[in-house]
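What you are looking at is a predicted structure, and each value in this text was computed from that prediction instead of being measured.
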Amino acid sequence: MNRFRMVVALASIYMVFAILLNSVGTVILQSIHTFGIDKPQASLLELFKDLPIAVTSFLVASFLPRLGYRRAMMLALCIVGSACVLMPLFPSFHTTELLFTCVGVSFALAKVSVYSSIGLLTDSKAEHGRLTNTIEGLFMLGVLASGWLFSAFIDHGNPANPSWFNVYWVLAVLCFGTVALLSGARLDESAAHGEVRLSMGQALRDMYCLLMRTLVYVFLLSAFLYVLIEQSFSTWLPTFNNEILKLPNAMSIQMASILAGATALGRIIAGQLLRRMSWHVLLNLCVVGMGALILLVLPLARHAVVGVDVGWFNAPIAAYLIPLIGLLMAPIYPVINSVALSSLPKPSHAAMTGLIVIFSALGGTLGSRITAIVFTNFGGIHAFYFSLVPMTLILVTLFFFKRETDRFAVPPMLAPEGTA
């Protein structure tokens, strides 16, 4: 097994999907201008992305080892690469819906495979945590690149110009290039199969058994709430910058990319802080800090005044401060994922990752939909204030998650009948 090449391949896959997944906020803003649709209709793109993630994860996660993680990742990239080719050839909102459906299906295959492969490439909890944080940090760099890549193809003088669809030629090349990288990599997947190969029914039963464990469902509630918060900001920040702060389209997208950069930096910093303090203390401080930042910055955004010649050097201070919430959000998701996954035997990682992806997808869809409705009916300021509700709830779930990790390690899944 070529560990270095495989790690590079995992990082490349995650960065490609980071660009595609987190382009939804940009595409929502551009679809409003190009196709003349309203915000609630545009927000359905999040549903087209997240519902296939949840459904696909449920159907394939537990028995994905039978297909093979490397082959699953290659299949995912081929599906989404083909969808990217269709975008500039048939530019329409329906094609955009099809793209995000393919992105959802493909990301479910890719994420379960990537997270499960991390367990195969590491030998300890410390190594697992470091590699998880590294991969998730590179994911945020992909998110950062997404805003700048898309803005480069937007017609600044005429935002409604469908020329921005040409960005998908670049993305198609990235997808098929990563397939080529994977085709030359090797991964020893024998440890993922355990002592026996499970049937589909047994695999789904094992996923259900995992879900019934107190530690697991408290963890999944934490992940659900985190993604609800994250997607509220990452999806709607470009529109917030455009409509509330009155920034031009391209600049709204570029300014929103600060959120991704801040998140990537936050995960790097968190890796060092976790050497000196408890993960539970760090995450609680981060959530409280997020709430304080919202209460500080949104009043500034409400009273922001923008001139006709607005640029990076005279943009409202709120445009720079709101994305800094990424510094505080950064460690929550990879840390709770690593704590949960590293407590499980390797054959269970695919099933657990499937549950993570399902609950994350549901949180993302609900967060985007709620934000869209509140944004339309009450304005962007109130939409972002609403994030204080899940922030409060996640403090509660983190308390119970910590209590369960202190009391019990997640026991191995029950062996199939007839085995030891």
Visitor: A quick test of your reading: do over 12 heavy atoms of other residues, nucleotides or ligands sit less than 6.0 Å from OH of Tyr320?
Guide: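 Atom OH in Tyr320 is packed in, count exceeds 12.
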Visitor: Between Val114 and Met73, is there a side-chain heavy-atom distance shorter than 4.5 Å?
Guide: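 Side chain of Met73 against side chain of Val114, heavy atoms only: contact under 4.5 Å found.
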Visitor: Just by modelled atom types, is the Ile373 backbone N or O under 3.5 Å from a matching donor or acceptor in the Asn377 side chain?
Guide: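 Between the backbone of Ile373 and the side chain of Asn377 there is a qualifying donor-acceptor contact (under 3.5 Å).
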Visitor: Going by heavy atoms in the side chains, are Pro334 and Ile135 under 4.5 Å from each other?
Guide: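 In short, these two side chains do not touch, never coming nearer than 4.5 Å.
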Visitor: Looking at Ser92, is its backbone amide N or carbonyl O close enough to the side chain of Thr96 to form a donor-acceptor pair, meaning the two atoms are under 3.5 Å apart?
Guide: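 Such a contact is found between Thr96 side chain and Ser92 backbone.
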Visitor: Please report the C-alpha distance between Phe384 and Val297 in whole Å, then the side-chain angles of each, then the deciding distance to 0.1 Å, and finally whether the side chain to side chain contact (heavy atoms under 4.5 Å, CB included) criterion is met.
Guide: CA-CA 10 Å; Phe384 280 9; Val297 175; over 6 Å; no
Visitor: Just grab all the ring-ring contact (aromatic ring centres under 6.0 Å, His included) pairs involving residues 254-273, residues at least two apart or on different chains.
Guide: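 Residue pairs with at least one partner in residues 254-273: there are none.
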Visitor: Shortest non-hydrogen contact from Phe93 to Gln41?
Guide: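 Heavy atoms only, the tightest pair is CZ-O, 3.9 Å.
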Visitor: What heavy-atom pair brings Pro299 and Ile294 nearest, and what distance separates the two atoms?
Guide: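 Between these two residues, the closest heavy atoms are CD-O, 4.2 Å.
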Visitor: Of the non-hydrogen atoms in Ile19 and Ser146, which two are nearest, and what is the gap between them?
Guide: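 Heavy atoms of Ile19 and Ser146 come nearest at O-OG, 3.1 Å.
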Visitor: Among all residues two or more places apart in sequence or in another chain, which pass the side-chain hydrogen bond (donor to acceptor under 3.5 Å, both in side chains) test with Thr392?
Guide: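 Here no residue qualifies.
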Visitor: The test is side chain to side chain contact (heavy atoms under 4.5 Å, CB included); show your working for Leu259 and Ser234 and say whether it passes.
Guide: CA-CA 7 Å; Leu259 176 66; Ser234 63; 4.1 Å; yes
Visitor: Sort and list the pairs that fulfil ring-ring contact (aromatic ring centres under 6.0 Å, His included) and have at least one residue in residues 251-275, not counting sequence neighbours.
Guide: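 Every candidate ring-ring contact (aromatic ring centres under 6.0 Å, His included) pair involving residues 251-275 fails, so no pair, neighbours aside, qualifies.
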Visitor: Determine which pairs satisfy ring-ring contact (aromatic ring centres under 6.0 Å, His included) with at least one residue from residues 246-274, sequence neighbours left out, and list them in order.
Guide: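 Applying ring-ring contact (aromatic ring centres under 6.0 Å, His included) to every pair that reaches into residues 246-274, excluding sequence neighbours, yields nothing.
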Visitor: So, does Arg302 use its side chain to make a donor-acceptor pair with the main chain of Leu298 at under 3.5 Å?
Guide: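 No.
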Visitor: Apply side chain to side chain contact (heavy atoms under 4.5 Å, CB included) to His33 and Leu29, showing your working.
Guide: CA-CA 7 Å; His33 287 277; Leu29 175 60; 3.8 Å; yes
Visitor: List in chain and number order the residues that pass side-chain hydrogen bond (donor to acceptor under 3.5 Å, both in side chains) with Ser12, two or more places apart in sequence or in another chain; answer none if no residue qualifies.
Guide: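 Once residues adjacent in sequence are excluded, the partners of Ser12 under the side-chain hydrogen bond (donor to acceptor under 3.5 Å, both in side chains) criterion are Thr178.
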Visitor: Please name all residues satisfying side-chain hydrogen bond (donor to acceptor under 3.5 Å, both in side chains) with Trp148, sequence neighbours left out, ordered by chain then number.
Guide: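 Ser257.
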Visitor: Looking at side-chain heavy atoms only, is the closest gap between Thr371 and Phe386 below 4.5 Å?
Guide: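 No. Closest side-chain heavy atoms not under 4.5 Å.
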Visitor: Any side-chain heavy atom of Ile381 sitting closer than 4.5 Å to one from Phe240?
Guide: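 The answer is yes; the side chains approach within 4.5 Å.
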Visitor: Please state whether the rings of Trp236 and Phe375 are parallel, tilted or perpendicular, taking 30° and 60° as the class boundaries.
Guide: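 Taking Phe375 first and then Trp236, their aromatic rings sit tilted (interplane angle of 30° to 60°).
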Visitor: Does any non-hydrogen side-chain atom of Leu45 lie less than 4.5 Å from one of Glu97?
Guide: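 The answer is yes; the side chains approach within 4.5 Å.
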Visitor: I'd like to check Met391 versus Leu395 (side-chain heavy atoms, cut-off strictly below 4.5 Å). Are they in contact?
Guide: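 No, their side chains stay 4.5 Å or more apart.
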Visitor: What is the minimum heavy-atom distance between Phe107 and Tyr14, and which atoms define it?
Guide: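 Smallest heavy-atom distance, with atoms named: CE1-CE1, 4.3 Å.
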Visitor: Run the ring pair (Phe, Tyr, Trp, His ring centres under 6.0 Å) test against Phe100 and tell me which residues pass, sequence neighbours left out.
Guide: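 For Phe100 there are no ring pair (Phe, Tyr, Trp, His ring centres under 6.0 Å) partners, ignoring immediate neighbours.
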Visitor: The test is side chain to side chain contact (heavy atoms under 4.5 Å, CB included); show your working for Leu171 and Leu174 and say whether it passes.
Guide: CA-CA 5 Å; Leu171 294 172; Leu174 290 175; 4.2 Å; yes
Visitor: Would the distance check show the side chain of Thr95 and the main-chain N or O of Pro91 forming a donor-acceptor pair, the cut-off being under 3.5 Å?
Guide: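 Pair absent, no side-chain N/O of Thr95 close to backbone of Pro91.
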Visitor: Indicate yes or no for a side-chain donor-acceptor contact from Ser163 to the backbone of Phe153 under 3.5 Å, with no hydrogens or angles considered.
Guide: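 Side chain of Ser163 to backbone of Phe153, a donor-acceptor pair under 3.5 Å: yes, one is there.
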Visitor: Return all side-chain donor-acceptor pairs below 3.5 angstrom for residues 281-290, not counting sequence neighbours, or 'none' if the list is empty.
Guide:
from, atom 1, to, atom 2, distance (Å)
Asn284, ND2, His280, O, 2.8
Asn284, ND2, His280, NE2, 3.0

Visitor: Heavy atoms, side chains only, cut-off 4.5 Å: are Phe219 and Thr397 in contact?
Guide: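 Phe219 vs Thr397: side chains apart.
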Visitor: Under the side-chain hydrogen bond (donor to acceptor under 3.5 Å, both in side chains) rule, what pairs show up with a residue in residues 100-112, not counting sequence neighbours?
Guide: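 Every side-chain hydrogen bond (donor to acceptor under 3.5 Å, both in side chains) pair that includes a residue of residues 100-112, provided the two are not neighbours, is Lys111-Tyr333.
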Visitor: Can you check whether Leu182 reaches Ile13 side chain to side chain, under 4.5 Å on heavy atoms?
Guide: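 Side-chain contact under 4.5 Å: yes.
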Visitor: Filter on side-chain hydrogen bond (donor to acceptor under 3.5 Å, both in side chains), then keep only pairs touching residues 18-31, sequence neighbours left out; what's left?
Guide: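 Checked against side-chain hydrogen bond (donor to acceptor under 3.5 Å, both in side chains) - neighbours excluded - the pairs reaching residues 18-31 are Gln30-Asn249.
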Visitor: Considering residues at least two apart in sequence or located in another chain, which fulfil the ring pair (Phe, Tyr, Trp, His ring centres under 6.0 Å) criterion with Phe224?
Guide: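 Once residues adjacent in sequence are excluded, Phe224 has no partner under the ring pair (Phe, Tyr, Trp, His ring centres under 6.0 Å) criterion.
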Visitor: Going by side-chain hydrogen bond (donor to acceptor under 3.5 Å, both in side chains), name the residues that satisfy it together with Ser151, two or more places apart in sequence or in a different chain.
Guide: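 Result, side-chain hydrogen bond (donor to acceptor under 3.5 Å, both in side chains) vs Ser151: Gln254.
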